2 protein chains.
Amino acid sequence: MNLIPEPSVERLLSLTRLLDHLDVQFITSSEIESRTGWSSNTIRKDISYIEGSFASPVGYDRQKLATAIKSTLGLDKVQRFCVVGLGRLGSAYLHYSVFREEGYELVAGFDSSVNRIEILHSPVPLYPAYKMGEVISRFQITLALLCVPPEEAQKTAERLVTAGIKGIINFAPVVLQVPEGVHVRNVNVVDELRAISATIQCS
Amino acid sequence: MNLIPEPSVERLLSLTRLLDHLDVQFITSSEIESRTGWSSNTIRKDISYIEGSFASPVGYDRQKLATAIKSTLGLDKVQRFCVVGLGRLGSAYLHYSVFREEGYELVAGFDSSVNRIEILHSPVPLYPAYKMGEVISRFQITLALLCVPPEEAQKTAERLVTAGIKGIINFAPVVLQVPEGVHVRNVNVVDELRAISATIQCS
DNA sequence: CGGTGTGAATCTATTCACAGCA
DNA sequence: TGCTGTGAATAGATTCACACCG
């Protein structure tokens, strides 16, 4: 079912975001163009990969379209995830309330410091790092936010993979090596700053 | 000078990261392949866009290559940036020490709550939001991390643009509208979770 | 007519295959 | 011989232009 081009998937993901925050009933591809900068042609092509009926002579039915995209992209099932590494960044996400509304359930936090786990106030259960494997398989957690320091990132990633994690969001500024079938997305501010610098430089 | 394809730029950015963390003198394109998963062909093509002499019969001179990439992509000049919105996420970045080593200098934090500014311990000067325009132009800040709540993101982005900001890293889960010439990169965990879900679904 | 949907054409990126070099 | 570098070939994404529909 990998017929949808990667770039289209990325745009469709942003599009659901946009659709969720509007409160009109219908929206045309040109209106989307003026809000996102992508050409209406591109948008219509992207949407053509989505099955369902949501088009009309006055544009797309906003809600139906959003639902159809989410279902085609597999965003309609709730998924469980965990946070590994509870420093300033990791622990900030323990309190991030948007996850629920978006279909992601944060079910565990891990840190190698037992002391830190005891001190932190958290709405989510916290565990010492040595329980990672056990907890991940018990709760069938498939995704992880990796917020440990750079020098521990690779080692920790390997433990996550062994435990059965299928996707890692890596906040450490390192290039992770993972086996086929495990998906990594790098999220890190320095890379983004650099990407903007490079874009400005090359234009 | 926009001859380098976007995807190549992205890979080259990750590559500098990798090169900086190795301590060998030479590295071949196949060694890079085994560490990153990109084919050695792709890597050689990417590197061919970089001017300079760093190749040898035993591979690339790691350090020379890293320097050449950084200079071609414009990463060799120190850039100033600010953080806007000092909630849990924004204030976490005030303490993030990696920026300096990577050529980015965090020179200001802004928040609309004067109370919060007074309470926070910060190694970086903090200002109330109404001083944004003044401070940004005084220090010639070109980049901003946008960490305000979603409902304030668009409005705040517009103020940043007016103040002369050229690049915004947007942590809010909304699609920002900005004029031509201003670059936005979206960094947000929910989107990344969704991207992984979609990739798993479509493969 | 306003819109959408989509093959065909164009443009871009990736892969291949081999020349050139130490 | 083992590497890089690069034109040529392939594969992929975007844009275009127009048929079609309410």
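Per chain, numbering begins at 1; letters A, B, ... match sequence-line order. From a predicted model like this one, the values you see are computed outputs, not experimental measurements.
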Can you tell me if [X] touches the phosphate of [N], counting only side-chain N or O atoms and a distance under 4.0 Å to OP1 or OP2?
X	N	result
A:Arg11	D:dA13	no
A:Tyr60	C:dG5	yes
A:Ser48	C:dT4	no
B:Thr42	C:dT14	no

Taking atom [atom2] of [N] as reference, at what distance in whole Å does atom [atom1] of [X] sit?
X	N	atom1	atom2	answer
B:Phe26	C:dA22	CZ	P	14 Å
A:Glu6	D:dG12	CD	C1'	13 Å
A:Asn41	C:dG3	CG	P	13 Å
B:Lys45	C:dC18	NZ	P	16 Å

Query raised in the report: When the nearest nucleotide of DNA chain C is assigned to B:Asp46 and to A:Ser30 on a heavy-atom basis, which residue is associated with the more 5' position?
Result: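 Nearest nucleotide further toward 5': that of A:Ser30.
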
Query raised in the report: Has A:Arg11 got more than 12 heavy atoms of other residues, nucleotides or ligands less than 6.0 Å from its CZ?
Result: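 Count over threshold, so yes.
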
Query raised in the report: Heavy-atom count around B:Glu151 CD within 6.0 Å, excluding the residue itself: above 12?
Result: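 Enclosed.
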
**Report entry** Donor-acceptor under 3.5 Å (A:Arg185 side chain, B:Ile196 main chain)
**Finding:**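 No, the answer is negative, given that no donor and acceptor are paired below the 3.5 Å cut-off.
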
Requested in this report: Salt-bridge test for A:Glu102 and A:Arg17: reply yes if a basic N is under 4.0 Å from a carboxylate O, no otherwise.
Outcome: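 Here A:Glu102 pairs with A:Arg17 in a salt bridge, since their nearest N and O are under 4.0 Å apart.
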
